[in-house]
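Letters go in sequence order (proteins before strands), and every chain restarts at 1. Quick note: numbers below take in every heavy atom, side chains included, and nothing from hydrogens, waters or symmetry partners.
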Amino acid sequence: MTAPRVRFAPSPTGYLHVGGARTALFNWLYARRTGGVFVLRIEDTDKERSTDAHTQVILDGLSWLGITWDEGPYFQGACADRHRTDAEWLLAAGHAYKDFLTSDELDAERAKAKALGAPFRYERAKCDLPAAERARREAAGLPYTVRFAMPQEEIAWDDAVHGRISWQGSDLDDFIILRSDGSAIYNMAVVSDDIAMRITHVIRGDDHISNTPKQIALYQALGHEPPVFAHVPMILGTDGKKLSKRRAAAAVGDYQDLGILPAAMRNFLALLGWSPGGNEEIIPQTEMIARFSLEHIQKKAAVFDPIKLEWMNGQYLSLLPVVELLDPVQRQLEMLGVSTGRDLAPLIDAVKARSRTVTHIAEQIAVRLDATRIVRDAKAEQLIAKLGDRFAVNLKLAHESLAACDAVNWHAAFLEGILKQLAESFGAKLGDVMQPIRIALTGGTVSEPVPELLTAVGRDESLTRIAGAIPG
RNA sequence: GGCGCUAUCGUCUAGAGGCCUAGGACACAGCCCUCUCAAGGCUGGUACACGGGUUCGACUCCCGUUAGCGCUACCA
């Protein structure tokens, strides 16, 4: 048996949708698992909507996810001649025929059927022109489309995820394969390309299930064995509807901007509709490849849960060494407009345990670097009210003790000693000493342990912030 | 309307006739840890859409119902 050849074939008509990304991931995983070849083909035949910029976004998105292609990108538009040649071969072989009906006439037929409440289907016997008129149009050199003569028999296949799926050819139209301008229609182009690229496994979204019998019929007419088909389920939004840009981030690039790590995104996407069979959630890439199989792909559509993605990202974040976060955090800080002159490593180290995304890390660092970003939150106000006079008193005492600490001793272990001693010396609860400092330094009630926070912000800046926070 | 696909906790899923009084994860609640939060540990609630078969036995097989989705273009 020769190595499988799979392909991902997006249309460059927009951003890289997470559903498309997952389809690409499954293809890639399958190729890597089986030692096969992953082909990237850009289906840019819709000239109206396809752009180079969109193509680039798709390429960037795949690269970001670590999905690498072995061949391509091929452009479907460049293969137009072959598509036409294949369609014309079908015509010559009697598997297709010319249809001289104009699109206006076709529309009229459709409208008529609709008025009668009957479903419209193109049937050659009923729709074709009378022989004389047909001959006249042909002789006059009028434009025509080429329709595929759908065989009136059962068309079935064993889908790798759904099992056997069967259609009756009689339920299918004689669909157009060549437009009147001579260009091929989607189903024709896909089959022509998949044959030319010797694709053995077509792994794609299950919205293509109903295209499959048409394509199989085309393979058979063309004298080629159809590939294995694997139709993977759709990805839905939290509302159970199709994931749309309006409701949630639907593009891979959005998650990149949100500070999601590619490894986390890949892991999350892989588990949306596929499962290795056990209880694991965090699955390293090598293991993912080793365990991937088409049989374990879910038949049912899956809801994309951004909360779980964030959780997973947090898991990856905690495993990631600080050095690897330097660049991503730097980029996010630049996007936030924070100028960074100092080593970010200790700052990242201080906040990353409490962060689920790179963006969240950057936001916290921004506050530690730039006092103007401090915002008193509701929890802080509540706590201040609850502490009453003690807020100002404890802050003042803390300021005195901390000011006595010189720069050389300004590190977490020493500062912790100072603060614990302070609390003990006048019988205050440790929290009543710590929390006011935390509020003074960040505006909030949540952060890394206060001694570490003081270190992250630095001695002089910390003292300034504490002094500034003392009421009165 | 026609044809097709699907149906386990709120969500992602495990489950290939007895291992299931249905397991894990996210989320949620409580407890522990603790200056706060996160992480971690422990505990808890919540699911086999419905109805018929088949079988000694059905979450698992078959049929029907219902619901959701897809396609039904000279779009891809």
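At the heavy-atom level, A:Thr13 lies nowhere under 4.0 Å from the strands shown. Contact annotation for A:Pro449: base contact, defined as any heavy-atom pair under 4.0 Å involving a base atom. As judged by a 4.0 angstrom heavy-atom cut-off over every strand, A:Gln364 is placed among residues making no nucleic acid contact. Residue A:Pro276 is out of contact with every strand shown, counting any heavy-atom pair closer than 4.0 Å. Nucleic acid contact for A:Val303: sugar-phosphate only, since backbone atoms but no base atoms lie under 4.0 Å from a heavy atom of the residue. Residue contacts shown for A:Gln435 are limited to sugar-phosphate atoms, with no base heavy atom under 4.0 Å away. Counting any heavy atom pair closer than 4.0 Å across all strands shown, A:Asp432 reaches no nucleic acid atom. Residue contacts for A:Arg110: at a heavy-atom cut-off of 4.0 Å it reaches the sugar-phosphate backbone alone, with no base atom in range. At the heavy-atom level, A:Gly314 lies nowhere under 4.0 Å from the strands shown. Across all strands, A:Ser166 comes closer than 4.0 Å only to sugar-phosphate atoms, never to a base (heavy-atom distances).
Closest contact between the side chain of A:Arg356 and the listed nucleotides B:A27, B:C69, B:G24 involves B:A27. Among the nucleotides B:A27, B:A76, B:C35, the one closest to the side chain of A:Pro451 is B:C35. For A:Glu43, the side-chain atoms get nearest to B:A76 when compared with the rest of B:A27, B:C71, B:A76.
Side-chain rings of A:Tyr30 and A:His201 approach one another, their centers coming within less than 6.0 Å. Proximity of the aromatic rings of A:Phe292 and A:Phe26 is defined here by a centroid distance below 6.0 angstrom, and this criterion is met. Residues A:Phe268 and A:Phe304 place their aromatic rings such that the two centres sit under 6.0 Å apart.
Under the Watson-Crick and G-U wobble criteria, each requiring two contacts below 3.5 Å, nucleotide B:U60 is left unpaired. Summarising the base pairing, B:C28 is matched to B:G44 through a Watson-Crick or G-U wobble pair whose two defining distances lie under 3.5 Å.
Counted by atom type alone, A:Asn313 and A:Trp311 present zero donor-acceptor pairs between their side chains at under 3.5 Å. Side chains of A:Arg204 and A:Thr212: a donor-acceptor N/O pair is present below 3.5 angstrom, by distance only.
Dashed line: the shortest gap from a side-chain N or O of A:His162 to OP1 or OP2 of B:U6 is under 4.0 Å. The phosphate of B:U36 has neither OP1 nor OP2 within less than 4.0 Å of any side-chain N or O from A:Arg354.
Remark: of the listed residues A:Gln76, A:Met188, A:Arg7, A:Gln76 is the sole one forming a side chain to side chain contact (heavy atoms under 4.5 Å, CB included) with A:Asp193.
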Protein N or O to nucleotides 14-16 of chain B N or O, pairs below 3.5 Å:
from: B:A14; atom 1: OP2; to: A:Gln298; atom 2: OE1; distance (Å): 3.1
from: B:A14; atom 1: O3'; to: A:Gly277; atom 2: O; distance (Å): 3.3
from: B:A14; atom 1: O2'; to: A:Gly277; atom 2: O; distance (Å): 3.3

